[in-house]
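All remarks here apply to the structure that follows.
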Amino acid sequence: MKNFDLENNDKIRSGFTVPEHYFEQFEAKMMQQISIQKTTVNEVKVVSLFYRKQVWMSSIAALILLAIAIPVYFNMAKENNIESHSIENYLADQQHVYENEIIEHLSEEDINALENSLSASTNENDAIENYLSESEHLDYILNE
C-alpha cells in the first residue's frame, strides 16, 4: 500500500471548502437573523387564564338546559295522548261519521290489532259450537 500525505499532495483534495466572502458577510447575516427572531418573539399568542372557566361554565349551562328540556318533552308527549274513552264518546256523538273516514285515520298497526281482537280463536269457536249444539232453540238462532 502506498503512503500518501494529504497536506503535501495536490491530487487528493478535502471535500470541505469555505464559501467566498463567508467571513465578511457572516456578521451581517447573524444580525439579520437576530432581528428576525426578536420580532417573532414579540408575536407570541396570549392565552387567557379564564379560558378553562369559560369551558366549564358553558358545559354546566348545557347540562342545566338538558335537565330542564328532557322532562318538559316527556310531559308534553304524555299530554298529547287522548284517552280512548273520550274518542269513543266523540265518535258516538257524531252520527255523520262514516266508516271510510274512520279507516283513513287508522294505521296498519291499528287495523291489525282490531282484526286480531275481533277474530275468534279456536277455543272460542269450540265453545260456540258446544253452546249451539246444546241449545234447544238452534233453529231460531240460526234463522235469526
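Values in this document were obtained by computation on a predicted structure and should not be read as measured data.
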When rounded to the nearest 0.5 Å, the distance separating CD of Q32 from CD of E27 is 13.0 Å
side-chain hydrogen bond (donor to acceptor under 3.5 Å, both in side chains) filter on N112, not counting sequence neighbours, yields none
| Which residues pass the side-chain hydrogen bond (donor to acceptor under 3.5 Å, both in side chains) test with E24, sequence neighbours left out? |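 side-chain hydrogen bond (donor to acceptor under 3.5 Å, both in side chains) check on E24 returns H21.
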Those residues at least two apart in sequence (or on a different chain) that pass ring-ring contact (aromatic ring centres under 6.0 Å, His included) with F26 are Y22
Report all side-chain donor-acceptor pairs from residues 57-67 shorter than 3.5 Å, counting only partners two or more places apart or in another chain.
{"from": "S58", "atom 1": "OG", "to": "Q54", "atom 2": "O", "distance (Å)": "3.1"}
{"from": "S58", "atom 1": "OG", "to": "V55", "atom 2": "O", "distance (Å)": "2.9"}
{"from": "S59", "atom 1": "OG", "to": "V55", "atom 2": "O", "distance (Å)": "3.2"}
{"from": "S59", "atom 1": "OG", "to": "W56", "atom 2": "O", "distance (Å)": "2.8"}

Taking only residues two or more places apart in sequence, or in another chain, which ones meet L106 in a side-chain contact (heavy atoms from CB on, under 4.5 Å)?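 L106 satisfies side-chain contact (heavy atoms from CB on, under 4.5 Å) with I102, D110, I111, L114 once adjacent residues are dropped.
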